[in-house]
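Naming: A, B, ... by sequence-line order, numbering from 1 per chain. Just the heavy atoms: all of them, side chains too, but no hydrogens, waters or symmetry mates, feed the values below.
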Amino acid sequence: MERTDSILFGIAFYSYLTSFFLYILHIALKRQVLGKIATLIAAAGVLPHTVAFIFRWITQGHVPLANMYEYMGLMSWMVIIGLIIFIVRYRNPRIGVFIVPIAIILMVTASLLPSEVNKQLMPALQSTWLAIHVSMAALGSGAFLIAFSAGALYLLASEMENQPKNSKSLSKPEWNLFAVFWIGTPLLVMFILTLTGILPESMADTRNLHLLGSQGHAITLFTFGDPSNPLHWGRQAIGLGIGMIFGAIGWPITRKKLKIPDTGRAQRIFMSLCLALLISAIMVGFMIKSGWIQLTPRSYLKIFEFFGPVLFFSWFLTPLFFAVTNVSSKRWLGKIGVERSVLEEIAYSAVLIGYPLYTVGALFAGAIWAEQAWGTWWSWDPKEVGALIIWLFYTLFLHARYQKQWKGDRAAMLLVFGMMMVFISFFGNYFFGGLHSFEVT
Amino acid sequence: MENKQNKNDENQDSFDKLWNTFKSMRFAIILLLVITLASIFNLFANEFIVQTNGTAENARMIFDRTYGEPRATLLSFFQMYAPYRSWWYTSMLGLLTLSLLICVIDRTPIVWKKITKPHFIQDIDNYDKIKPHSLLKGSKQTFDDLIHILKSAGYRIRLSETDNVKHVHASRNLFSEFGPLIIHVGFILLIIGGAMIARGELRMHVQGLPGDLLAPDEHRWGFNVRVDDFQIEYNPLRKNQIIRIDDDSRIGKIVKENGDGTFDIEQYRPKEDYLSRVKAERLSNRIDTKMGRGRIDQGNISDYIATLTVIEDGKEIMTQRVEVNHPLRHRGYRFYQSSFNDQLVDSQGRWTTILEVRRDKGSVFIWAGILIVTLGLIMGLYFTPREIFAKCTLTEEQSTIHLAGRTTRNHSLLVRHFDKLLSKMEHTDEIRSS
């Protein structure tokens, strides 16, 4: 009986997936009916999604917002609700094609997280403010994700407009730049760090604590054959991090300096980097969660153990995503048929919807609750600072939009960064600890 | 004399410059960006820099020991032992407050004027510069139709009439323009409240067994608090639960409930590696245990409940259960159930409760700030202001109407709305002519 909610969750997931394919068909075949059906199916999926939430609420006896699975579930719910709002508002079902995938990714991610029904809450969590604080933060973050999606598409579309027709995918000088900035620099930095013996050498150890479940040595890839040998992620992290900063910034700048013809790919490199970082962060989050990578408790170098693998993966993934967008995007992007001004409006409206929810939910309700539970409104706990950073960032976005030079591409880039902050704060529990890490301890 | 005048002018000049800098959006954006980056920096710095107890002397000692002379001086100078309370971080917040304040002072009259005073667009050329805009030609009735349609669409109408020319300023949700200012005021209050709490907060721990009085100085408090009872409630044991056995020398995980109050437990012996990384050795013997023998881990406590009675001038005023999330509030003092001491036990075996007492003067500002910002957010972000301008020129039998619409956001929705208004106009025209 307890798993009824996950069956309902599954039904919702498959209806969103179906609607996503129908949106693609709608755009490809230019049939209005398909767009309507897709929207109806997505809207119908909200019902089992909501019922799953209520069902979980009843079985657990408390609002189902106490772990990351439940949080992500509500975030995806918000994304679909937002989609329906925007489709009704703009009468353009085509926007579903880039918003529904966000909900799908969230739900896939959620389904990988532990979803056991938890009937017992620790004392600090037993409060009405749990429902208010977490639900509003989740809804706000969901709206920010819609903004990100529209902003990202805006960036890609803006590049499309600037790009000369029939440009080749990558010119030879660009390949050289890629080799220098993306492959050469990180390896060089790593090499120098290893030679000079500059630490930090932080350990991303394979799991050796049998207590918490299965023991997997599947991480041999990263420990070079010997699972008991701790790997020095610190060096890799610094090397790759510096390399990637050079890559993302140095690449376009050098191209300009050397007068290599501009094919307008700076934004695409940036986008690929962000996407790669995001997906790597999620992957590493799971690896930590499932115990493939074990963080050293209370070590101040713990962050390297998270970012080391994240940078490592994104180092591979960025060129991959870049190549994929390079080959494919040009044709289908043009066909989506949502004007850039509308994309910008959707992004802005989504922030306008999400910002009050996030401010009141994540910051204010959290502060009021903290005052009740711990006696202090604000304690500079890492998760609190994370929420503050996200909030400052979207505040910045709202102010920046009033400035002419910040409209358009720059504002869209802010949204992409903002979404990364949302995720860093979300997965921050895994490496920052603090008052909000209820689950991990 | 003249010299002094010059100097005054100069002062005035530099003051104006400073004022203009502070009120500019550019400054606010840069400041927000810098504070964001500083917060990110502090977030990481807190993880990397060695832990201290937060006081300057202690930090200096530990920094010296860990990092050596030059780096320790630098870290101490930037107060990196408490980065969020450091002079550079707080002064940035101070600048932000100043910028908020100047923005409010500067913008309030402008926004007030914008909302209260109607704005009429006189020049016909200006209509063409605004999107969407339109030109209508009709009978004398057309103007009244327009007013009627705008009114029924929920617009507030303001008119200015001269001989043959009528100006219209129709507006909806214009109050929304006040939203941002209200939000700014609220945040000023929040920062003031936060600063007041950070500077002058009373914070102490008191402990007592059931029956004990808690006030160390009854005169200063003006009342006393008696502990009546202290209980800890546990969740029932369940599968996969971790318990500590025999003074933490072993850890057990419940693998099966036997139904008769006993459990099958897998035991592990924790072996301290370094710091606190725990390597557990599996013993894997099945033992039966009752709750008494193993110590239940913190996570299985469902609640700590202290029953407190407030006593004023020898009279019992109120009795309240104080548990996590439910503090006792009396005369500005707040009592939080914070911890317990299982070494001090009374005759009935009840433990000592440890309560945290807090009192501050800034909380009122925080509450006010939260309410005001919330109000401002709803006003400013959930209502979209829309304005429609019209200029109607009447000739003998005809009227020419220039129309234009303006909004600060969701422009494409305004365009659609504008078209809808126009088609309504045509519709009424058709009805009349038929």
Under 4.5 Å between any side-chain heavy atoms of B:Arg409 and A:Arg401, yes or no? no

Run A:Trp391 and B:Phe187 through ring pair (Phe, Tyr, Trp, His ring centres under 6.0 Å) and show every step you take. CA-CA 13 Å; A:Trp391 180 84; B:Phe187 272 107; 5.0 Å; yes

Distance-only polar pair, side chains of A:Trp380 and B:Asn42, donor-acceptor under 3.5 Å: no

Run the side chain to side chain contact (heavy atoms under 4.5 Å, CB included) check on B:Tyr84 and A:Val385 step by step: do they pass? CA-CA 10 Å; B:Tyr84 299 109; A:Val385 179; 3.3 Å; yes

How long is the span from the CD1 atom in B:Ile370 to the CD1 atom in A:Ile368, to the nearest 0.5 Å? 4.0 Å

Any idea which of B:Glu356, B:Arg26, B:Arg329 has the most non-hydrogen atom pairs under 4.5 angstrom with chain A? B:Arg329

Step by step, work out the side chain to side chain contact (heavy atoms under 4.5 Å, CB included) result for A:Phe364 and B:Leu371. CA-CA 9 Å; A:Phe364 294 170; B:Leu371 288 176; over 6 Å; no

For B:Tyr336 and A:Glu371, indicate whether the former's side chain and the latter's backbone hold a donor-acceptor pair under 3.5 Å. yes

Side chain to side chain, B:Val324 and A:Gln372, heavy atoms closer than 4.5 Å: no

Tell me if a side-chain donor or acceptor on B:Arg334 pairs with a main-chain N or O of A:Gly375 at a distance below 3.5 Å. yes

Side-chain donor-acceptor pair present, B:Ser338, A:Trp374, cut-off under 3.5 Å: no

Of the backbone (N, CA, C, O) and the side chain (C-beta and beyond), which part of A:Leu388 lies under 4.5 Å from a heavy atom of chain B, both, or neither? side chain

A:Gln403 side chain vs B:Met25 backbone, donor-acceptor pair below 3.5 Å: no

